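Take a look at the structure set out below.
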Amino acid sequence: MRSSLYIASIYLFLSLFTACSKQTADSYYQQGKHFREANQPVEAMRSFIAATRVRSSEFTIRGRSFSNMATMCRICEQHETAYALYAKSLEQFALAEDSLAQAYALNNMAWEKAVLSDKKTALDLIASALSVRSEPPVQSKILESHAAACLYAGEYDSTLYYCRLDTSLSVYLDILRAQAHTFLFHNDSALLYARRVLQQTDNPRYLDDVYFILSHCDSAAVADDIRALSSSRTDIQRSLERNDPEWMEAIRLAQSTLTPPSSRFTPRQIVLLLSAVLLVLVAVFCVWFIRHRARTSTLEAQCRALRKSTSLRDELHWNDYPQFSAICNARLSGIVGKLEQKGLSEREIRICVLVLIGFSYAEIAQILFRAESGIGKDKYTIAKHLGVSVKQLRETLLSIAFNHA
């Protein structure tokens, strides 16, 4: 009784430990956020991926995990991958019936299409986002995406128009304004917004954009700013995420989640699959070989027994064809029935049986009380009927016996 209680207690403890140790989608998501804040992109990406693979109804958490993975890809300028991951986040937010998150996901997808110079799709996605939710925070983000779509489409006046509609203070809007003015050759305005960006952030991505803007401004006023940025140009380039091996490894992990499962075979899995196929083929061959050898041995044994028979004609009931047919079919792998299907006559079948047993011309002539020349003609006729040479006749008869069972 006591031992049973001990076993039950241990089982209960293990069950509780297993239940407690199993992480939820939310715990993986929180881990991913922690690793991302600690600038550990690979661990962050693994945690977000794990959150998307937990079997649960935490659709919102899975959607946020996909969204974070997409944002990391966006930072590294992997916009096709980012778009696909934002689309996956949209699917999860739709399952969670979270309309606000759906609107933001659609807007993120629109932004990626804008960067990829697909303005039409970007505007369609913006319209979809507005149809889902249209409150001011959503509108502000949508105006930003609309401005980006116009900028990458080369419509710089439209870019400035949508930037003016958005009254929020945004570093990225200032970057868009500065770039639009640069391409319109409004050097003073471009310089104004570029310097505003320098005052607001030291993010390498924005500093890289500012350096591009300043280097395209035809103005002596930018010389000091360019000189200052140029001195740290190498450091800026080195610190960009797209140049970091760890970030690139994280992006490869994200891209692997978009690969169809049917094509995600590792080399080890391929080797195991090929080995299994090879083993099956070897097993099938062994079974066939064993059965073939058994049948061959049985047939050869019957042929040897009949060759040694002192009363072959009586043993085979030579003059009674029905009995002859039944005995030969039973002892010689159904050879008579198979030869009948080939269209041979009774006389030709009797000669074929003797050839199969292994008798020579002279022996067959002696058994049938006929001349050897006549047996030779009959064998030639039979071989011609079967489409083989006389020398191949016995091998052909063996093949018929084996392969047409």
Side-chain angles (χ1 to χ4, degrees), residues 63-95 98-184 186 190 193 197 203 205-206 208-210 212-213 240-242 251 254-255 257-258:
R64 289 176 183 172
S65 298
F66 277 122
S67 186
N68 275 270
M69 291 163 61
T71 302
M72 292 175 70
C73 293
R74 171 189 286 182
I75 289 171
C76 292
E77 301 181 6
Q78 300 292 320
H79 299 294
E80 291 284 2
T81 304
Y83 176 82
L85 289 167
Y86 280 129
K88 283 186 170 291
S89 75
L90 177 63
E91 294 173 3
Q92 297 300 316
F93 291 139
L95 292 172
D98 187 341
S99 59
L100 183 60
Q102 289 179 63
Y104 281 122
L106 285 164
N107 181 66
N108 284 326
M109 292 166 66
W111 195 94
E112 298 303 328
K113 284 298 182 182
V115 176
L116 293 168
S117 301
D118 187 351
K119 182 183 176 184
K120 182 180 182 305
T121 305
L123 295 182
D124 290 342
L125 290 166
I126 285 172
S128 298
L130 284 172
S131 68
V132 175
R133 296 288 286 264
S134 59
E135 51 261 48
V138 176
Q139 287 184 346
S140 177
K141 286 292 183 184
I142 284 173
L143 285 172
E144 189 175 287
S145 296
H146 210 145
C150 292
L151 178 72
Y152 289 105
E155 300 171 5
Y156 307 121
D157 288 325
S158 298
T159 302
L160 295 174
Y161 169 75
Y162 287 108
C163 286
R164 283 194 295 271
L165 290 179
D166 190 350
T167 57
S168 64
L169 297 177
S170 166
V171 175
Y172 188 70
L173 278 175
D174 284 340
I175 288 287
L176 291 176
R177 291 186 181 103
Q179 289 177 330
H181 282 301
T182 298
F183 293 122
L184 290 170
H186 301 162
Y193 288 112
V197 172
N203 188 312
R205 287 186 292 125
Y206 295 130
D208 195 50
D209 290 332
V210 168
F212 171 83
I213 293 164
L240 287 172
E241 291 84 354
R242 62 174 178 267
I251 298 306
Q255 290 170 340
T257 64
L258 300 173

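Since the model is a prediction, treat every value here as computed from it, not as a measurement.
In this structure, His186 and His181 have tilted ring planes: the angle between them lies in the 30° to 60° band.
Legend: residues meeting salt bridge (charged side-chain N to carboxylate O under 4.0 Å, His left out) with Arg177, ordered by chain and number and at least two apart, are Asp174. The side-chain hydrogen bond (donor to acceptor under 3.5 Å, both in side chains) test applied to Tyr162 returns His146, not counting sequence neighbours. Partners of Ala180 by side chain to side chain contact (heavy atoms under 4.5 Å, CB included), not counting sequence neighbours, listed by chain and number: Leu151, Tyr156, Thr159, Leu160.
By the 6.0 Å contact criterion, OH on Tyr172 is enclosed, its count of non-hydrogen atoms from other residues, nucleotides or ligands being greater than 12.
No donor-acceptor distance shorter than 3.5 angstrom exists from the side chain of Ser140 to the backbone of Pro137, with no hydrogens or angles considered.
Rounding to the nearest 0.5 angstrom, the gap separating the CD atom in Gln255 from the CG atom in Leu85 is 9.0 Å. Atom CG of Leu116 sits about 9.0 Å away from atom CH2 of Trp111, to the nearest 0.5 Å. To the nearest 0.5 Å, the span separating CG on Leu176 from OG on Ser170 amounts to 7.5 Å. In this structure, CG in Asp118 is found 12.0 Å from CD in Glu112, a value given to the nearest 0.5 Å. Taken from OH in Tyr193 to CD1 in Ile175, the straight-line distance is 12.5 Å, to the nearest 0.5 Å. With values rounded to the nearest 0.5 angstrom, Cys73 atom SG is found 11.0 Å from Asn68 atom CG.
Between Ala122 and Ala114, the closest heavy-atom pair is CB-N, 3.9 Å. Residues Ile142 and Ala129 share a closest heavy-atom pair of CD1-CB, 3.8 Å. Here the closest non-hydrogen pair linking Met72 and Ile251 is O-CD1, 3.8 Å. Residues Ala178 and Ala190 approach most closely at O-CB, 3.6 Å, considering heavy atoms. Closest approach of Ser67 and Ser89 over heavy atoms only: N-CB, 3.9 Å. Between Arg133 and Leu100 the shortest heavy-atom distance is NH1-N, 3.3 Å.
Pairs passing the salt bridge (charged side-chain N to carboxylate O under 4.0 Å, His left out) check and including a residue from residues 144-162, sequence neighbours excluded, read Lys119-Glu155. The list of ring pair (Phe, Tyr, Trp, His ring centres under 6.0 Å) pairs with a residue in residues 113-143, not counting sequence neighbours, is empty.
Inter-residue side-chain proximity for Lys113 and Asp124 is flagged as unmet; no heavy-atom pair is nearer than 4.5 Å. Lys88 has its side chain within reach of Leu258: a pair of non-hydrogen atoms, C-beta onward, lies under 4.5 Å apart. With contacts defined as side-chain heavy-atom distances shorter than 4.5 Å, the pair Tyr83/Leu125 qualifies.
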Which donor-acceptor pairs under 3.5 Å do the side chains of residues 102-110 make with protein atoms, sequence neighbours left out?
residue	atom	partner	partner atom	Å
Gln102	NE2	Asp98	O	3.4
Asn107	OD1	Ser145	OG	2.9
Asn107	ND2	Ser145	OG	3.3
Asn108	OD1	Arg74	NH2	3.3
Asn108	ND2	Tyr104	O	3.2

